Structure formats: structure tokens, C-alpha cells
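First comes the structure, then the notes that go with it.
Keep in mind the model is a prediction, meaning the values are calculated, not measured. Chain A is the first sequence line, chain B the second, and so forth, proteins listed ahead of strands; every chain is numbered from 1.
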Amino acid sequence: MRSRFFLLTLVLVFALSISVLAADEPQYGGTLYLENNEDWDTIDPAYCSGFDAGEMAVKIFDGLVRFDYYSNDIVPDLAESWEVKNDNKTFIFHLRKGVKFHNGREFTAQDVKYTFDRLYDPETASPGTWVYDMIVGIDEALAGKADGVAGVQVIDDYTVRFDLKYPFGLFLTHLTLPYGLIVPQEEVEKWGEQFSQHPVGTGPWKFVEWEHDNKLVLEANEDYWEGRPYLDRVVYRVIPQALTRIAEFEAGNLDYTSVPQEEIQRWTNDPKWKPYVHKMAELSSYYLALNQKFKPLDNPKVKQAIALAIDSEQIVKALFPNYVPADDAIPDGMPGGSDKPGLGYDPEKAKELLAEAGYPDGFEMEIWTSTGEKSVRVGGVLQALLKRVGIDVKLVKNDWSVFFATVKKGEAPAYYLSWWADYADPYNFLKALYGSEGSRINYKNVVVDKMLEEMARTTSVEARVNISKKIIDVVRKEGDPYVWLYHTSSVTIKQPWVKGELHHQMYDADKLVTWWIDQNIKEEMSK
Amino acid sequence: MLQYLLHRLLLIIPVLFGVMILTFFLMYVVPGDPVLTMLGQHATDENIARLRAQFHLDEPWYYQLYNYIIRTLKGDLGTSYLTHIPVRDALIEKLANTARLALTAIIVSIVMGVTIGIISAVFQNTWIDYAAMTFALLFISTPVFWFGMVLVFFFAMKLGWFPISGMGDGSIKYLILPAITLGSRFAAFLARYTRSVMLEVIREDYIRTARAKGVKEKFVILKHALKNVLIPVITVIGMNLASLLNGSVLTESIFAWPGFGRYVVSAIQKRDFQVIAGSVLVGAVIFVFFNLIVDLLYVALDPRIQFD
């Protein structure tokens with residue numbers, strides 16, 4: 001009798017553990033409802049300049065490589081493996097066999113060649129030509145003097161070779177960008193300019209329909225080379241207003257949404273919802289730029305005085321409690337930032353420095369901002385803080401296009417703007433902000449330029465991180481032309497039945513293949 | 001009549017030409033262009049110059065204007081620089097969506113506004129009148145955005161009678177809340193306007209005569225007075241129908257309605273010139289067309305007005 005009881009207990013325990021395990025086992029099926037705050041301009045990889053477009057394109061198309069789902073490492077995608085030769089000047093990719101486009105045709109090296117030829121065809125007019133400008137022959141192709149890009153060569157059906165003009169250690173990283181997603185020639189030629197309305201790739205999701213400004217529907221690619229996604233369908237709705245999105249989420253019509261700042265407390269204070277709210281640091285850096293062409297903003301003491309007069313912690317506390325105060329260009333969660341603290345906030349010292357620089361009574365300056373609500377608010381705070389040390393700020397507020405056109409021309413004396421990562425590497429920030437080529441603040445430092453060049457050459461992440469720290473030190477020593485304000489973060493919320501969701505810092509990393517819906521919880525909750 | 005119609009139709013030509021030229025120059029003098037939107041933070045002089053050349057944005061203004069006019073005369077409104085979708089196709093889709101919304105809104109506001117206005121006038125200086133006019137004042141002064149969110153909160157989220165946003169399967173239940181939001185201010189305005197016109201009309205001699213003849217009050221109001229009230233009211237409706245079609249951007253935004261307003265505002269923000277030019281032109285055509293209809297309606301309602 002006792003042994004029978006023991007056996008029964010054992011069976012029960014076994015059955016229970018199986019069911020517990022099964023509860024966390026991903027389930028297939030179901031439709032995921034997501035949102036976007038505006039319509040996608042395009043899903044054609046050749047035109048994916050915006051984050052939204054790129055984020056959508058990676059669901060339908062694959063590149064040669066991609067970001068790992070759980071880290072910033074680069075992992076194989078359509079390329080199974082690769083060889084790097086000739087001092088980082090030659091990359092040979094061995095392609096995956098048996099991969100099919102959504103139209104049933106097999107993917108080969110010819111598609112890779114076509115994708116890059118198309119990107120650099122002057123007729124395509126792609127905004128993404130800057131991404132692969134290190135490939136041999138792109139200038140000739142862009143000028144219409146060559147038939148295709150000479151530096152991309154098909155070796156055989158499953159091998160393709162890229163020759164670069166100079167050693168470029170970040171080439172693989174650049175290949176993760178949406179412009180490098182592989183498109184099938186016959187479909188592009190069939191649809192022409194309308195390819196974006198009928199996208200066909202090799203990705204985990206097939207395009208179903210797109211009602212502009214309303215919704216976009218994807219369905220699982222049963223033949224995806226890595227196995228079909230767990231979900232059957234994904235329906236994206238275009239909802240411009242944050243409050244409407246939250247209302248739809250509350251009603252259970254959206255499975256996942258961003259939480260507007262004014263709503264964060266309501267959801268995090270609710271114990272029922274708190275576990276489903278997720279905050280993530282974004283790869284962005286917001287700053288006040290000081291144009292070196294304008295006096296006295298080129299004076300190292302004046303630059304330091306302005307930085308000392310601005311209390312970034314206070315700005316964050318007062319305006320954006322969820323953001324992180326910044327003291328250099330490199331955002332949180334990314335290596336390469338300085339180990340030493342920034343100048344901090346010290347208005348008294350700022351006044352002293354101004355006096356030493358020959359401006360004991362301060363001076364007048366213009367700060368340019370766009371008319372966006374956030375920009376105007378930050379502009380106002382900067383104006384008030386600088387007033388305390390005697391600097392009279394005139395805020396010049398303009399519509400985004402006017403503002404950006406002026407900034408780009410290097411004509412704005414000081415301006416409030418940001419840099420968002422194209423990929424998670426300090427080089428992407430430092431090259432754009434401190435490189436002398438096309439500098440919007442007319443900044444030129446030969447030492448920094450040399451270090452940036454070194455940074456671009458090496459494939460070693462460690463070496464790049466070290467150089468990044470050095471660059472920040474050099475720039476700080478002679479007065480940083482940027483006053484670092486903050487790094488943003490995003491807050492999202494999901495329904496309890498959504499499992500396996502990714503929170504990757506890169507917008508183009510998530511292919512929605514890890515997400516699944518726990519039907520049991522969903523049914524339970526909808527009762 | 002035919003001559004008048006022809007005259008009016010001919011007048012449309014210089015008006016539309018004026019609109020085209022004005023829009024072109026406005027876009028030309030306002031800084032920023034679609035190339036900057038496309039390139040975003042990667043805009044370099046070289047990239048900008050290359051794309052501007054590819055879109056023919058670097059050509060002299062007179063050449064661009066000439067091309068634009070010739071193309072438009074051929075019925076081609078161009079293609080969006082950013083989406084590559086022909087402007088004509090997009091406009092047809094967006095205008096159809098907005099027309100559904102605006103027409104429903106106008107019906108709601110006419111039914112509510114005119115009825116309340118007449119009742120208020122008939123019961124002038126009673127509590128009914130005061131209550132109706134207080135509500136009207138309230139609706140006129142309520143911001144559209146706030147009013148829309150309140151409707152969503154009560155009728156969609158709390159009571160669950162209507163969906164929160166979107167067009168869904170296209171059924172009428174998706175239209176109700178946005179239509180009320182869009183039409184509420186106009187309904188309130190119409191109520192006040194109808195009331196004041198009605199008050200004037202019921203003091204006219206012919207109404208007194210009708211009453212003296214012993215015509216029942218119901219007939220006096222509905223037959224004799226209403227017809228005369230309608231003439232000024234229809235003018236106001238006609239003028240506002242066009243602006244409802246053109247100006248529903250806030251409502252479309254709250255209710256995620258894929259309409260004309262959102263389309264145009266987004267194009268302006270992104271400096272998508274072809275879309276802006278096409279939309280403004282079509283918007284102007286709608287305006288001119290509705291004005292013409294209103295003028296024609298006068299005659300139908302008031303035989304004293306002649307076409308001269």
C-alpha cells in the first residue's frame with residue numbers, strides 16, 4: 001500500500017513538472033498586434049533611411065549577417081561563414097544553401113551582387129550610398145560609368161567576394177544595416193518603383209497587405225531557413241497619438257506598445273502591470289553643439305565654462321525622469337565611454353573661466369532648436385542656466401527642415417540636437433561628431449582624425465573601445481565642442497500573454513522570431 | 001443658367017492656376033527639402049547634391065515650374081519622393097476615407113444643429129433655450145483633441161459601445177465617434193446660427209400673416225419659416241463642408257483615421273513637394289466646387305435669386 005502511494009506521488013510530481021515545463025515551452029500560432037506611430041515611408045531596403053522602415057524591412061528580408069538577438073555580436077544570416085583577407089580589405093562570404101525567396105526561387109550569390117549593383121545604380125537614387133562607400137568601384141557605378149559595382153564579385157553560386165578600397169574593420173557591422181538586405185532581381189524589375197508595396201525577401205515574415213496610414217499585415221514564412229516563427233501573423237496598426245495607443249492596449253487590442261512619459265507612473269505603480277513594463281536604454285546622445293566657427297565658442301575656457309554652467313542631472317530630473325544624464329558621446333550600455341567623470345556642474349567655476357577668457361560680464365549667443373515640444377523645453381532650460389553665469393542666450397526656434405538645413409550647412413552658432421546609433425559601436429558616434437569631414441560645427445583636430453582612421457581599420461572591438469576612450473580624453477582636454485545632456489530610454493508594456501519578446505538596443509536586430517503567445521493565459525484573461 | 005454655370009466654370013481656371021503658382025513658390029522659398037528628410041543624420045553635401053539632381057530639384061525654378069504645370073495639365077500629379085506612390089492614387093484613397101468621415105460629421109451636425117437651433121428659437125428665453133445655448137457654447141469652446149479623448153474614454157473604453165480607433169472592417173460603428181468629434185463644434189455653431197436666423201424670420205410679416213390666417217403653429221414653423229431659414233444656413237454648411245474635408249487632421253490623428261488631413265500634414269513636415277502640390281491643388285478644387293454647388297442651391301431654394 002505504501003509503495004503504491006509512493007508510486008502515485010511520483011507520477012503526480014512527474015506530471016506536474018512536465019506541465020510546468022510545458023508552460024514555458026514556446027507555443028506556435030496566434031496573431032500579434034503591434035503599433036507604429038506613423039506610416040512607413042518604404043520597406044524597400046534600398047530606401048530604408050528611417051528606423052521604422054529598417055525595423056520593418058528586416059522582418060521580410062535577410063542580410064548576409066545580422067545582430068545576435070541577445071547581444072551586439074554579429075552572427076551569420078544568409079552568409080554561413082566568411083573569411084577576412086588582405087588586411088581587412090577582402091571579405092569572402094560563403095552563402096547558405098537551399099534558402100528560398102518568398103516567391104519560391106532559390107537565393108544565390110547573384111542576388112547579393114544584384115542588391116549592391118542596384119544600391120549604387122544612379123537610377124535607384126538610394127539615400128544609403130554612404131554605408132558601403134569603402135567598396136571598390138562604387139564611385140564609377142554611382143557616376144554611371146560602370147555596369148555594376150566592381151568590388152562585389154560572384155565566385156560561384158554560393159560564394160561572393162567584396163573588395164574594399166581601404167581596410168575597414170567595421171564592414172561586417174555595416175552589412176547589418178537595412179541597405180544590405182538582399183532583394184530578388186526579378187521581383188524588383190517586375191514592380192519597379194512599387195517594389196516597396198510588394199516586398200519579397202527570404203526573411204521569416206511574408207508580406208500580406210498594407211493599407212497606408214492604417215495597418216500592415218505579415219504572415220509567417222513556413223519555409224524560413226531557420227524554421228518558421230512561432231506566431232502565425234503580425235498585424236501592425238498605425239496609431240499617431242500616444243494616448244490612443246495606450247487606450248487600445250488597455251482594451252486588449254494591442255499586445256505591446258510604447259508608454260508615453262506621462263503614463264509611465266500609472267503603469268509602474270500598478271502591481272498588476274509592473275512586471276510587464278520594461279525600460280531600456282536607447283543608443284542616443286543629446287547635446288548642445290558649439291560651432292567652432294563662431295567666436296568666442298572656439299575658446300577652450302568658454303567651452304568649459306558653458307559645460308560647467310549646464311546641469312544635465314537637473315535637466316533630466318526636471319524634464320525626463322526616465323533618461324540618463326550624459327557626460328560624453330557614448331550612450332549607456334555601449335562600451336567606449338570615458339572612465340573619468342565629466343566636468344560636472346559648477347556655475348562659480350564657470351564664471352571664473354569666463355573672466356579668465358576675457359568675458360567677465362558674459363556675452364550674447366544664439367542657440368538654435370527645432371520647434372518640437374521637447375526641443376523648445378530643453379532650449380528654455382539651457383537659456384535659464386546660462387543666464388546664471390552671465391551668458392545671454394537668444395533662442396532661435398525653427399521648423400525642423402529650416403533648423404536642420406542651417407545646422408547641416410554649419411551656419412548655426414550653437415544648437416540642440418542628437419545622434420542616434422546606426423549600429424552599436426563608438427566609431428559611429430565619434431566619426432559623425434568629431435570627424436573633420438563634413439563637420440557641422442567646423443571642428444578639426446588632426447589627432448582625433450588620425451585616431452578615427454585607426455579605429456575604422458581595426459576589427460578588434462577591444463582596440464576600438466580603447467581608442468574611443470582616448471579620443472574622448474583628447475577632446476575634453478582642449479574643451480569639448482559638445483555639452484552632453486542626456487541619453488534617452490524607452491518604456492514599453494506588454495500583455496501578460498506575450499512571451500519571448502526582445503529588447504534589443506538596435507532597431508534592426510529583432511526579426512520577431514522569438515516572440516510567442518501563451519494561448520492559455522490569453523484565454524484565461526479574456527474570460 | 002447654362003451661361004452662368006459656364007462663366008463660373010471658366011473662372012475656376014485662373015483660380016487653380018493661381019493656387020498652383022502660389023504653392024510652387026511657397027515650397028520654393030521655404031527652406032528644407034525631401035532629400036534632407038531621406039538622408040536624415042547622414043546628409044552630406046555630396047549626397048544631397050546627388051539626390052537633388054536625381055529628383056531634378058537642382059534645376060532653375062522656371063524650368064521646375066514649367067514642368068510642374070505641364071505635368072499637372074496632363075493629369076499627372078507626380079509621385080511621392082519618399083514613398084514612390086503616385087500622388088493621385090494616394091489622394092483617391094485618402095479623400096475617400098475623409099469624405100466618409102466628413103459627410104457623416106456634416107449629417108450629424110446638420111441634424112443636431114438645425115433641430116436644436118429651431119427648438120431654441122421657438123422656445124426663446126425658456127429653460128430649453130438656455131440649456132441648448134449653454135451646451136452649444138460649451139461645444140464651440142471645447143478643444144477637439146480633448147473632446148475626442150473624452151468620447152473614447154466613456155463610449156469606447158467604459159461602455160464599450162464603439163471601437164477606440166481605426167477603420168476596422170469599414171463598418172459604421174468605427175465612424176460614429178470620429179464623426180461626432182469632427183462635427184461637434186460645427187453642430188454647436190449651426191445651432192446658434194440657426195436660432196438667430198429663425199428668430200429674425202419668425203418676426204417677419206409673412207409669418208404674422210400666416211398665423212393670422214389661422215395656420216397651425218407647426219406648419220408656420222416647418223413650412224413657412226424653415227424654408228427661409230435654410231438659405232443662409234445652407235451657405236454656412238457649404239462653406240464648412242469644404243473645410244471639414246480639408247481640416248480634419250486632429251480628429252484623424254486621435255482616431256487613427258487614414259485620411260487626407262494626416263496625409264497632407266505628414267507631407268508638409270517631410271517636405272514631400274509632389275504630395276504637397278497635388279494635395280493643395282485637389283483641396284482647392286474641392287473648395288471651389290463646393291462654393292459653386294452652394295451658389296446653385298440658392299437658386300433652387302429661393303426663386304427671387306436670378307443668375308446674372
Side chain, backbone, both or neither: which part of [X] has a non-hydrogen atom closer than 4.5 Å to chain A?
| X | answer |
| --- | --- |
| B:Gln269 | backbone |
| B:Ser80 | neither |
| B:Leu82 | both |
| B:Phe153 | neither |
| B:Met157 | side chain |

message = Within a 6.0 Å radius of atom CE on B:Met27, are there more than 12 heavy atoms belonging to other residues, nucleotides or ligands?
response =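 Above 12, so yes.
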
Best-contacting candidate, A:Trp40, A:Phe195, A:Trp420, against chain B by heavy atom pairs under 4.5 angstrom =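 Winner by heavy-atom pair count: A:Trp420.
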
request  = Mind ranking A:Thr42, A:Asn253, A:Val238, A:Asn398 by heavy-atom pairs under 4.5 Å with chain B and telling me who comes out on top?
outcome  =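 The candidate making the most pairs under 4.5 Å is A:Val238.
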
Can you see which heavy atom on [X] is nearest to which on [Y], and at what distance?
| X | Y | result |
| --- | --- | --- |
| B:Pro258 | A:Asn214 | CG-CB, 3.7 Å |
| B:Ile164 | A:Ala251 | CD1-CB, 3.5 Å |
| B:Ala256 | A:Arg237 | CB-NH2, 4.4 Å |
| B:Lys94 | A:Asp213 | NZ-OD2, 3.0 Å |

Non-hydrogen atoms of chain B under 4.5 Å away: do they reach the side chain of [X], the backbone, both or neither?
| X | result |
| --- | --- |
| A:Ser126 | backbone |
| A:Gln194 | side chain |
| A:Asp399 | side chain |
| A:Ile43 | neither |
| A:Arg440 | side chain |
| A:Glu437 | neither |

query = CG/A:Asp39 to CZ/B:Arg262 distance, rounded to the nearest 0.5 angstrom?
reply =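 So the CG of A:Asp39 and the CZ of B:Arg262 are separated by 8.0 Å.
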
message = Applying side-chain contact (heavy atoms from CB on, under 4.5 Å) to B:Ser165 and A:Gln241, what does each step give before you reach the verdict?
response = CA-CA 10 Å; B:Ser165 68; A:Gln241 290 299 332; over 6 Å; no

task = Pick whichever of B:Ile254, B:Val152, B:Ile48 has the most heavy-atom pairs under 4.5 Å with chain A.
result =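 Between B:Ile254, B:Val152, B:Ile48, the count favours B:Ile254.
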
Donor-acceptor under 3.5 Å (A:Thr244 side chain, B:Phe255 main chain) =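 Not a single qualifying donor-acceptor pair exists.
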
